[in-house]
Amino acid sequence: MTLRDDALPIHRQQSRAAKEDAVQPPHVMIQQTCIPHYRQRLFQILTQERSLRFTCVADLGWFGPYLQVLDKNSRHDIRVRSAKTWRIPLLFRKYLTFQPGAILYAIRTRPIALIAEGSVYSLTAWILAIYGRLFGMRVLFWGHGIRKFEHGPKWLLRRLFYRLAAGHLLYSNYAKDLLVQAGLNPEVLHVVHNSLDYDQQERIDQQISQHDIKSWRTSLNVADSEGLVIFTGRLQPEKRLDLLIRAIGQLRRHGHAVHAAFIGDGSEKSVLVGIASDEGITKQVHFLGPVYDERQIGLYLAASDLAVIPSAAGLSIMHAMAFGTPVLIHDDVTQHGPEWEAVQEGITGFYYRCNDVADMTAKISEAIFPFPKKQAMAEACRTVIRERYNPRLHAEKIIRGVTRSVCR
C-alpha cells in the first residue's frame, strides 16, 4: 500500500481502505484534529506495527499559532488520511471541533477499534463514541482525563462523556487515580504517558561535547562562576515568565549572577523585556526567538544548569530531561500538563511554591550554587525519559490498551 495517499479525495481513500481490509491486519483508526510535529516518531512506529494496521485521520492543512504540524515531507512513512477540522465557536473563547470526514471514514471502514481525541470539546469524539456504542465498535479516548474534581452540570457532562468510551488512553497515573475515584472502572483506564522523538534526541545528546557547551555559554557571556537557566516554549501570560525574570533580579541582589535564555516567541516578550530592564538585568536575559532545529535546541538545553517552567509545564519537561537537564516547576500540579509526574524533588528536578518569587529564587539558588546539582541529577533525568516517556514505549502501551479493550 502507498502511504502517501493523503492527497486523495476522502471518498477514494475510503474505497481503497475498504478493499485493503480483506488482506490487511485488523484496522485501528486514530482520529486527531491535526498531527503535531512532535508526534512524528510515534506515528512512524505505529504505522510499522504488523499486528494492527493503524491509520491516522487528521486535518493535514491545520494551522494553529505556536504549533508546528507535520508537513507533506514529514508524512511519507506515516499512514494518514485527510479530514478537514471545523471550529464551532462557543462562549469564553472556547470552541467545538468537528470532523465530518473522520466520522464518514469510520462508518465506511468499520475499524476493529477507534482512538478518538479525549476532549469533551470534540463533537467528533461524542459522535464516534455514541456510534461505537450503538454498532459495537470499540472507541477509546486518548487524552488528559481530568486534572481535578469538578462539580455541577459541567462535571455531569464530562462524566457522561468519559463513560461513553470503551477505554481510555491516559497521559498520567494521576489522571487514572482521579477517574477511578470518580467511579470509572480501572480496567478500562490505560496509562500510555507521552513522548517526543527520544531516538533523535538521544543521538544528538551523545554528540554534544563539553567544548560545544562551553562555546555556547561563552557566546551568552556566561562566566564560569555564573549560572544559566533556560525556558523553551511560548512566551505567553499563563507561563508566568515574569516570575522567572524577577527571581533572576533577586538572585543578583543576593550576589548570584544567573543568566536566563528564552527559546520561543509570543505576546509576552515586550512585557518581559521591560521587567528585565526594571530589574537591571538586561545583559543576563537572552531572548533567542523560536528555534526548530533539534540539534540547536539540544545544545541549548544540555548547556543549561536548570530548565525553569514557572507555570503550565508540559512537554518542555520531557525535552529538558532528555538532555540531562533537571526542571523547576511550581507545586500546584492541577495547572500543569501530565508530564509533571516526571519531576521528582531532588532527583530529576525541583518544586517551588506556586506564584512565590522568593521560593523560586531559593530553589534556583539551591540548584546552581555553590555548584550546579545537574551533574548528579543528569542520569536520573535521562533514565525517566528512556524508561517511561519515549515513543517506542508510548506505541507499545497504545497497542496494549487497544488490544485489551477489544478483547474485553
Task: ring pair (Phe, Tyr, Trp, His ring centres under 6.0 Å) partner of His144, the single match among Tyr162, Tyr121, Tyr171 - done: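 For His144, the ring pair (Phe, Tyr, Trp, His ring centres under 6.0 Å) test succeeds with only one of Tyr162, Tyr121, Tyr171, which is Tyr171.
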Open item on the list: Check for me whether the distance between the ring centres of His286 and His259 falls short of 6.0 Å.
Closed with: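 Distance test on ring centres: under 6.0 Å, yes.
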Could you tell me if the side chain of [Y] sits less than 4.5 Å from the side chain of [X], heavy atoms only?
X      : Y      : value
Thr47  : Phe54  : no
Leu315 : Glu339 : yes
Leu140 : Leu114 : no
Glu117 : Trp142 : no
Asp197 : Tyr38  : no
Arg382 : Phe323 : no
Leu170 : Val192 : no
Ile115 : Ile398 : yes

Task: Step-by-step side chain to side chain contact (heavy atoms under 4.5 Å, CB included) determination, Met29 to Val57 - done: CA-CA 7 Å; Met29 172 182 158; Val57 179; 3.9 Å; yes
Rounded to the nearest 0.5 Å, how far apart are [atom1] of [X] and [atom2] of [Y]?
X      : Y      : atom1 : atom2 : result
Leu272 : Ser277 : CG    : OG    : 12.5 Å
Leu196 : Ile385 : CG    : CD1   : 8.0 Å
Leu123 : Tyr95  : CG    : OH    : 14.0 Å
Ile368 : Leu306 : CD1   : CG    : 5.5 Å

Open item on the list: Among residues at least two apart in sequence or on other chains, which ones pass side-chain hydrogen bond (donor to acceptor under 3.5 Å, both in side chains) with Asp199?
Closed with: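 Listed in chain order: Arg41, Arg392.
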Task: Results of side-chain hydrogen bond (donor to acceptor under 3.5 Å, both in side chains) for Tyr300 - residues two or more places apart only - done: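 Tyr300: side-chain hydrogen bond (donor to acceptor under 3.5 Å, both in side chains) contacts with Gln296.
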Open item on the list: Before you tell me yes or no, could you show the steps for Gln99 and Thr33 under side chain to side chain donor-acceptor pair (under 3.5 Å), namely the whole-Å CA-CA distance, both residues' side-chain angles and the distance that decides it to 0.1 Å?
Closed with: CA-CA 8 Å; Gln99 287 175 286; Thr33 299; 4.7 Å; no
Are any side-chain N or O atoms of [X] and backbone N or O atoms of [Y], one a donor and one an acceptor, separated by less than 3.5 Å?
X      : Y      : answer
His76  : Asn73  : yes
Glu238 : Ser311 : no
Arg138 : Ser405 : yes
Asp59  : Thr85  : yes
Asp331 : Cys354 : yes

Task: Nearest atoms (heavy-atom pairs only) where Thr325 meets Ala307 - done: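 That closest heavy-atom pairing would be CG2-N, 3.6 Å.
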TODO: Over all heavy atoms of both residues, which pair between Ala113 and Val406 is shortest? Give the atoms and the distance, please.
DONE: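 Looking at all heavy atoms of both residues, the shortest contact is CB-CG2, 3.9 Å.
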TODO: Go through the side-chain N and O atoms of Ser215 and Asp212 and say whether any donor and acceptor fall under 3.5 Å apart.
DONE: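 No, Asp212 and Ser215 have no side-chain donor paired with an acceptor closer than 3.5 Å.
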TODO: Let me see the working for Arg388 and Asn194 under side chain to side chain donor-acceptor pair (under 3.5 Å), right down to the final yes or no.
DONE: CA-CA 8 Å; Arg388 187 183 300 175; Asn194 208 348; over 6 Å; no
TODO: Step by step, work out the side chain to side chain donor-acceptor pair (under 3.5 Å) result for Lys397 and His190.
DONE: CA-CA 8 Å; Lys397 292 172 184 176; His190 312 284; over 6 Å; no
Open item on the list: For a salt bridge (Lys or Arg N to Asp or Glu O under 4.0 Å) check, start with the C-alpha distance between Arg386 and Glu379, then their side-chain angles and the critical distance, and finish with the verdict.
Closed with: CA-CA 10 Å; Arg386 188 184 307 119; Glu379 187 52 37; 3.6 Å; yes
Open item on the list: Below 30° counts as parallel, above 60° as perpendicular, anything between as tilted: where do the rings of His330 and Tyr352 land?
Closed with: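 His330 and Tyr352: perpendicular rings.
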Task: Residues Glu345 and Lys363 bridged, charged N to O under 4.0 Å - done: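 The answer is yes: the pair qualifies as a salt bridge.
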Open item on the list: I'd like to know if Lys239 and Glu268 make a salt bridge, using a cut-off of under 4.0 Å between side-chain N and carboxylate O.
Closed with: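 Salt bridge between Lys239 and Glu268, a charged N being under 4.0 Å from a carboxylate O: no.
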TODO: State which residue, out of Thr232, Ile297, Leu299, fulfils the side-chain contact (heavy atoms from CB on, under 4.5 Å) condition with Val291.
DONE: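 Only match with Val291 under side-chain contact (heavy atoms from CB on, under 4.5 Å): Ile297.
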Open item on the list: On the six-membered ring of Trp216, is Lys214 placed so that its NZ or CZ lies under 6.0 angstrom from the centre and within 45° of the ring axis?
Closed with: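 No, Lys214 does not lie over the aromatic ring of Trp216.
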TODO: Apply the test side chain to side chain donor-acceptor pair (under 3.5 Å) to residues Glu294 and Gln200: give CA-CA distance (whole Å), side-chain angles for both, the deciding distance (0.1 Å), then the verdict.
DONE: CA-CA 8 Å; Glu294 189 66 27; Gln200 180 191 36; 5.9 Å; no
- [ ] Identify which one of Arg217, Lys374, Lys373 satisfies the salt bridge (Lys or Arg N to Asp or Glu O under 4.0 Å) criterion when paired with Asp305.
- [x]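 That would be Arg217; it is the only one of Arg217, Lys374, Lys373 passing the salt bridge (Lys or Arg N to Asp or Glu O under 4.0 Å) with Asp305.
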Task: For Thr361, the option from Glu366, His256, Gln250, His254 that meets side-chain hydrogen bond (donor to acceptor under 3.5 Å, both in side chains) - done: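 Testing each of Glu366, His256, Gln250, His254 against Thr361, the sole residue satisfying side-chain hydrogen bond (donor to acceptor under 3.5 Å, both in side chains) is Gln250.
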